[in-house]
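Note that the numbering runs from 1 along the sequence shown for the chain.
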Amino acid sequence: MPKVIVANVDSDSMCGNDMSPEIHALSSMCCDRLLVMAEAEDLVILPHSVSPAFLSYLSALLGRELTERNVVVPPDGDVRQLILNDASLNSGHVADEIRRRAGGDLTGWRMEGYFLDRPVMALADSLGIPLAGLDEGTDEACRDFLRCGGAETFNSKVLFRQLAGTVHAPVPSGRVASTEQELGVALRTLLPDTGRVIIKQELNSGSAGNTVVTIFDETTLTGASRVVQVPEEGADLAAVAAQLWPLVALQRNTRVVIEAYHKAAHVYYSELWVPGPLGSPRMLNFGEMRMEPTFIGFEIPGQQMLPADLADMSAHSMNLAAEAGRRGFVGYLNIDSITTMDGTLFFNEVNGRMGCCTNIDYLARVLIGEDYTRQRVVLTYNWIDVKDFAVAVQALETAGVAFDPETKTGVVIAVEDVARCGAIDYMVVGYDVAHARELEKRALVAFGVA
């Protein structure tokens, strides 16, 4: 069945703060990741047009015909930075263009979105099409939940702590603050635990907005975009809270989560499909997140995961997903966790949407097979500087590391947006982790030469 795929990465519903132009450009590139999930008859809603060269590359890679016809861009998407929110999705232009390209009849079409937020649901209602991946009964049962911001609720770090408490998933000591005063109290209460406290904006992604307050002499920490040092003794934490509050509680972020910060030995993720209140969640993929010090890619499956950690992480992930489904959630659910230096497992957040792994999982299943995690190791890296996409593709061929469908190993350019931000994401497939890392090294040399 043909689909309308809305690539609303980092929409207003997902990020509580407006992005700078530089970050917005990279975020827009992330939207292009969903192109790989399109079949020849599908329509992908993007905030801007895509280069014909990348569409040709994907067509050859996936064995399907993808052209500019598959891409729908709201008005002005190619002349200004655009976010796929209610204003751009539901002005009438996108719906009219979808109907025109579908020949006026949307019978049998389905709606899929990176984030099933209210604007996406409004567009689905306007078009009169059900959600992809659901039977008719589940679609009807969950639709009003999503119309009322149900998926957005599961992007909240405040909701996550409530959800984790319900199913007894392990989380660090924490508090929620909606005032500067509450933030100061939380800092005073939690800082003695580990000497570090992380302040997380309720709505944001990719470690953006995460601030760590520390008594140690350090300037970078995994998962933190800002590190603030305070004296071990005699720190005026009320003054620190006053300084930080305007930086963390702004625009749509009116609440923050404060937790004792534990240094991570490893950062894990899991992605599950939640079929609603009646079905059982299904684990789609899992692995280790590559951090420098914030997220830059994946190792799938994680090669350093101890069996006991994998078992605990999987069990708690299933419990969190099942509780989300019981509350009415349906769709993709991404869950982040860590193991600390002493081996303790903690969960950090849930996101009721697709993640940066969703397109990678889709690509791996198409290129390698449904059980790819048993056969291969996948490495990814985001936002590699490239000046010319065609030259980068040729460089992989010349270096002998381009993906080979016969061996089902090699390097794939998973997304490109050289015109706007001069960058690509790549995906490496190896027989094992050593092979994957060797291919990655050779690819980086090839990109550097190119």
Side-chain angles (χ1 to χ4, degrees), residues 1-9 11-14 31 34-50 64-77 82-155 273-279 324-325 327-333 352-354 358 362:
M1 294 181 178
K3 302 185 300 295
V4 174
I5 303 172
V6 183
N8 57 332
V9 179
S11 64
D12 295 344
S13 306
M14 184 172 157
C31 298
L34 272 67
L35 274 169
V36 303
M37 302 174 70
E39 299 287 344
E41 67 272 25
D42 293 343
L43 297 174
V44 185
I45 317 303
L46 292 172
H48 54 250
S49 297
V50 182
R64 64 189 64 155
E65 185 179 2
L66 297 174
T67 68
E68 292 93 333
R69 181 206 166 276
N70 296 95
V71 178
V72 177
V73 179
D76 297 334
L82 200 66
I83 292 174
L84 296 184
N85 55 17
D86 193 62
S88 59
L89 287 176
N90 292 306
S91 67
H93 173 88
V94 169
D96 289 345
E97 188 64 18
I98 290 169
R99 291 190 187 95
R100 185 184 71 80
R101 297 197 195 185
D105 184 6
L106 291 171
T107 302
W109 282 70
R110 296 289 185 269
M111 172 65 74
E112 187 156 53
Y114 182 87
F115 190 16
L116 295 177
D117 60 5
R118 287 167 292 155
V120 170
M121 295 309 299
L123 179 61
D125 286 342
S126 172
L127 296 171
I129 58 176
L131 299 176
L134 304 177
D135 59 63
E136 183 178 354
T138 302
D139 181 86
E140 291 179 359
C142 296
R143 207 171 180 95
D144 204 47
F145 176 83
L146 296 171
R147 286 186 185 115
C148 297
E152 295 156 65
T153 300
F154 283 88
N155 199 50
W273 174 260
V274 182
L278 300 180
R327 297 184 183 192
F329 179 78
V330 62
Y332 290 91
L333 191 74
R353 53 171 172 78
M354 295 183 186
T358 310
Y362 181 91

For V6, check side-chain contact (heavy atoms from CB on, under 4.5 Å) against everything at least two apart and list the hits.
V4, N8, I45, L84, L89, M111, V120, L123
Has the side chain of D117 got a donor or acceptor atom that lies under 3.5 Å from a matching backbone atom of E152?
no
Hey, can you tell me if W273 and Y332 have their rings parallel, tilted or perpendicular (30° and 60° cut-offs)?
perpendicular
Test side-chain contact (heavy atoms from CB on, under 4.5 Å) applied to M37 and E112, step by step:
CA-CA 10 Å; M37 302 174 70; E112 187 156 53; 4.3 Å; yes
Nearest-0.5 Å distance that lies between atom NE2 in H48 and atom CG in D76
15.0 Å
Locate the shortest heavy-atom distance separating A124 from R143; write the atom from each residue and the value.
CB-NH2, 3.4 Å
Measure the spacing between CG of D42 and CZ of R64 and express it to the nearest 0.5 Å.
8.5 Å
Can you establish whether the number of heavy atoms outside E39 located under 6.0 Å from its atom CD is more than 12?
yes
side-chain contact (heavy atoms from CB on, under 4.5 Å) between L146 and L131, worked out
CA-CA 11 Å; L146 296 171; L131 299 176; 3.6 Å; yes
All heavy atoms of L116 vs all of V330, minimum pair found to be CD1-O, 4.2 Å
Minimum heavy-atom distance between A324 and L333, given as atom pair plus value
CB-CD2, 4.4 Å
Closest non-hydrogen atom pair, A87 against S91
O-CB, 3.6 Å
CG/D125 to CG/N90 distance, rounded to the nearest 0.5 angstrom?
9.5 Å
Closest approach of C31 to A7 (non-hydrogen atoms, all atoms of both residues):
SG-O, 3.1 Å
Nearest 0.5 Å please: distance from the CH2 atom of W109 over to the NZ atom of K3.
9.5 Å
Heavy-atom side-chain contact between F115 and N155 under 4.5 Å:
yes
Does R99 offer a backbone N or O that forms a donor-acceptor pair with the side chain of D96 under 3.5 Å?
no
Residue pair A122 / D86: nearest heavy atoms and the distance that separates them
CB-OD1, 4.5 Å
Using atom types as modelled and distance alone, determine if a side-chain donor or acceptor of N70 lies under 3.5 Å from a backbone N or O of T67.
yes
With a 4.5 Å limit on heavy-atom distance, are the side chains of V71 and S49 in contact?
no
So how far is it from R110 CZ to L127 CG, rounded to the nearest 0.5 Å?
13.0 Å
Do V50 and L35 pass the side-chain contact (heavy atoms from CB on, under 4.5 Å) test, and can you show the C-alpha distance, the side-chain angles, and the key distance before you say yes or no?
CA-CA 9 Å; V50 182; L35 274 169; 3.6 Å; yes
Set of side-chain hydrogen bond (donor to acceptor under 3.5 Å, both in side chains) partners for E97, sequence neighbours left out:
R100, R101
